[in-house]
4 protein chains.
Amino acid sequence: MEQEKSKRELIIEAALKVFSKEGFYKAKVDAIAVEAGIGKGTIYEYFHSKEHLFEEMVKFFMEEYLHRLSLALKQEKTFVAKLKKYIQFEKEVMIRYGDLIYVFMREAHIIGIQIKEIFKGSRNKKISLVEDILQQGIAAGEFRKINVNTAALVFMGSVHHLLADEIFINDSSKGEIDIETLIDILFNGLKAAE
Amino acid sequence: MEQEKSKRELIIEAALKVFSKEGFYKAKVDAIAVEAGIGKGTIYEYFHSKEHLFEEMVKFFMEEYLHRLSLALKQEKTFVAKLKKYIQFEKEVMIRYGDLIYVFMREAHIIGIQIKEIFKGSRNKKISLVEDILQQGIAAGEFRKINVNTAALVFMGSVHHLLADEIFINDSSKGEIDIETLIDILFNGLKAAE
Amino acid sequence: MEQEKSKRELIIEAALKVFSKEGFYKAKVDAIAVEAGIGKGTIYEYFHSKEHLFEEMVKFFMEEYLHRLSLALKQEKTFVAKLKKYIQFEKEVMIRYGDLIYVFMREAHIIGIQIKEIFKGSRNKKISLVEDILQQGIAAGEFRKINVNTAALVFMGSVHHLLADEIFINDSSKGEIDIETLIDILFNGLKAAE
Amino acid sequence: MEQEKSKRELIIEAALKVFSKEGFYKAKVDAIAVEAGIGKGTIYEYFHSKEHLFEEMVKFFMEEYLHRLSLALKQEKTFVAKLKKYIQFEKEVMIRYGDLIYVFMREAHIIGIQIKEIFKGSRNKKISLVEDILQQGIAAGEFRKINVNTAALVFMGSVHHLLADEIFINDSSKGEIDIETLIDILFNGLKAAE
DNA sequence: AATGAATGAGTCTTCATTCAT
DNA sequence: TATGAATGAAGACTCATTCAT
């Protein structure tokens, strides 16, 4: 039982490596087996099909991702520190796995797997985490009583775009985005002082 | 001559429909031929391979996209109107073609096609268009002298995320994002008045 | 009429070049058209199919080949000179066209074209030419009253093998076979003097 | 191990049958699979491609051929018996496989496979076998001190031509060549006694 | 008569999946 | 339970042939 769970995770982690690098169609089941250090047939002892493995891997990744993000944010006290932690966390994930969530969402859609609900749920949880931080800022009197959902998406989108720009377009594998300017813009806005 | 160009474009447009719906690997050359209303072999009269067709289609789409965006922005006078036009334009493209640029970029990477430069160029042109608008705002004394590159990415990322959230996650195929709140946040910031 | 014959021959000669270099299957009708400097469709005005063109080309080649060989041999008076002329002629053909007759025979067989009779007829004519020379030697009292058919095949086979060895195996594109030794062996035999 | 070698050879032998009958281009991988009584995909477990299979089959055939010829010749004591054995061996091979070596050489050349060296090596080994026999005759004082290389080629070419004439042209599937006359001509020459 | 753009039947090859061991 | 040899459905691509101009 313990053994089986361990092997299952072994496969999922190998799948994560291969699918994130090759995408669903270019990834070979063979390559995943090699990555996991097991026989090809063994994969089919734990998953009905390549699609099923992909689906389970997505679930695993999303849960793990949200769990770790949640833990990371909890480690910080102030909402500013939390926002900066969020940026840091996203940066590390993007450097390691690339723009995986977008990619998985897209591929799941093409494959026809019904995991939209998983993405929706995960995404909403993630948004909630950011909304909570912003709410904390409002409660502290530091932020205006703005629509936190929109604000959360603005923040997340900004971070995502800045990171993607650095990492995927400018090939800066460090993703050295201008955090201070970002925070400044989001906090103080673009408008000139009247 | 005129005829040939017409047939080439016919294929590219069919390819755009099929590739945007199915992605590179799931798309069948056959399906593109059917979509174009021609024989399978005809595609190979105009493109060496499926990959070549994909590459040419991406170039075509990116050029067309930037050209239209540029025209749309020129139609507006004030920078506020331009920013709203940008949102409108992005919304329409995303509703029609989905998150194509992200998708194409990812797939091109996996296929191994050397079109990163095309994306890079296009992306930089698009950023420039937004930077120009923000610069106009600064020149008009309405915006602070902020780093326009970061600001442009913040704006674009915000718009993209809000739209993607509406269209892909919440299935609101209209993408009814909260433009006023977005503009308010970006202009005035999150901070409470002191 | 004159015009048509000319174009037909033009195509056959182009076909000869391409088929002798590429073989039946690898040769493209397109390549033959390019070689002939005409449009692809034009070939089908003169021949029903690739097979038919191949068949007609084989007939043309065999007739031309035998005609020229016959003329070349007639130019020589003595049977020794004729035999040497035969070697010279075979050498030139083999350098220019490769081992075409074998090849055509083989390919015709595979394609399923009924030209075995053509080869049979041509081959028998060629054997007759050599038999006549040998008969001339016998008549002159220079040769024993040996079975001329077998002797002709021995001579032809010897020449063919020596040439093929030089040209195809040892890459000596000149085919410098040891004519004197060949003639010596065939005339005087291998046996030591008693 | 034993099993794998067995399956590999099974495929090669099926390939030999099909390629020798159809030639490289007309032969279908499917047909080879059917001939071998296995699935189409299995062939690709043992060979990268149709070309690779062809190449390996040629190597196999050439080695087997030379090995058997060598053994057959060793069984005979006198050089005359060895020469007759050579003829007998060639006849059997040609009846069974056709003019395979010529054909394979030609096709390998067209396909562009680099097996010319294999043919060259095999051919030289075969020539050596015949040269050794002739050398034995010279050593025994039965043959003149003639150039054995040329003599070997004369002998081999004569045999080949006589057999090809019988088998391919005159459709005598028995290849009943006139061995006595051949030996007589080669031993005693064509010349009339002085 | 001459052309070459258009076609689609035909073939090699890949790879997810099965199943005997 | 774990394996990997065997399979064959599926798909990219080629090229002989047609036919409208």
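The chains referred to below are lettered A, B, ... by the order of the sequence lines, with proteins before strands, and numbering in each begins at 1. FYI, side chains are in, hydrogens and waters are out, and symmetry mates aren't considered; it's all heavy atoms of this structure.
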Q: Please identify each residue that fulfils ring pair (Phe, Tyr, Trp, His ring centres under 6.0 Å) with D:His48, with sequence neighbours left out.
A: D:His52
Q. What is the per-nucleotide protein-contact pattern of nucleotides 12-21 of chain F, from the 5' end, where B denotes a base atom under 4.0 Å from a protein heavy atom, S denotes such proximity for sugar-phosphate atoms only, and - denotes neither?
A. SBBSSBB---
Show every donor-acceptor pair shorter than 3.5 Å between a side-chain atom in residues 22-32 of chain D and any protein atom, with sequence neighbours excluded, or say none if there are none.
| residue | atom | partner | partner atom | Å |
| --- | --- | --- | --- | --- |
| D:Lys26 | NZ | C:Ile110 | O | 3.3 |
| D:Lys28 | NZ | D:Lys26 | O | 2.8 |

Q. Considering residues at least two apart in sequence or located in another chain, which fulfil the ring pair (Phe, Tyr, Trp, His ring centres under 6.0 Å) criterion with D:His109?
A. none
Q: Please state how far atom NZ in D:Lys7 lies from atom P in F:dA5, giving the value in whole angstrom units.
A: 10 Å
Q | Pairing residues for D:Thr42 by the side chain to side chain contact (heavy atoms under 4.5 Å, CB included) criterion, not counting sequence neighbours | A | D:Lys7, D:Ile38, D:Tyr46
Q) Rounded to whole angstrom units, what separation is found between the CZ atom of D:Arg8 and the C1' atom of F:dA6? A) 17 Å
Q | Rounded distance (Å) that lies between atom P of F:dA6 and atom CG of D:Leu10 | A | 10 Å
Q: State whether C:Tyr46 places a side-chain N or O below 4.0 Å from either non-bridging phosphate oxygen (OP1 or OP2) of E:dA1.
A: no
**Q.** Rounded interatomic separation in angstrom, taking CD1 from C:Ile11 and C1' from E:dT3
**A.** 12 Å
**Q.** With sequence neighbours excluded, residues passing ring pair (Phe, Tyr, Trp, His ring centres under 6.0 Å) with C:Phe119
**A.** none
Q: Just jot down the side chain to side chain contact (heavy atoms under 4.5 Å, CB included) partners of D:Ser20, sequence neighbours excluded, or say none.
A: D:Leu100
**Q.** All side chain to side chain contact (heavy atoms under 4.5 Å, CB included) counterparts of D:Glu63, not counting sequence neighbours
**A.** none
**Q.** Range-with-range stems of DNA chain F (Watson-Crick or G-U pairs under 3.5 Å, three or more in a row)
**A.** E:2-21 with F:2-21
Q.
In this structure, how many angstroms lie between the P atom of E:dG4 and the CD1 atom of C:Ile38, rounded?
A. 10 Å
Q) Which is it for B:Phe54 and B:Phe47 under the ring pair (Phe, Tyr, Trp, His ring centres under 6.0 Å) test, yes or no, and what are the steps along the way? A) CA-CA 9 Å; B:Phe54 184 78; B:Phe47 305 92; over 10 Å; no
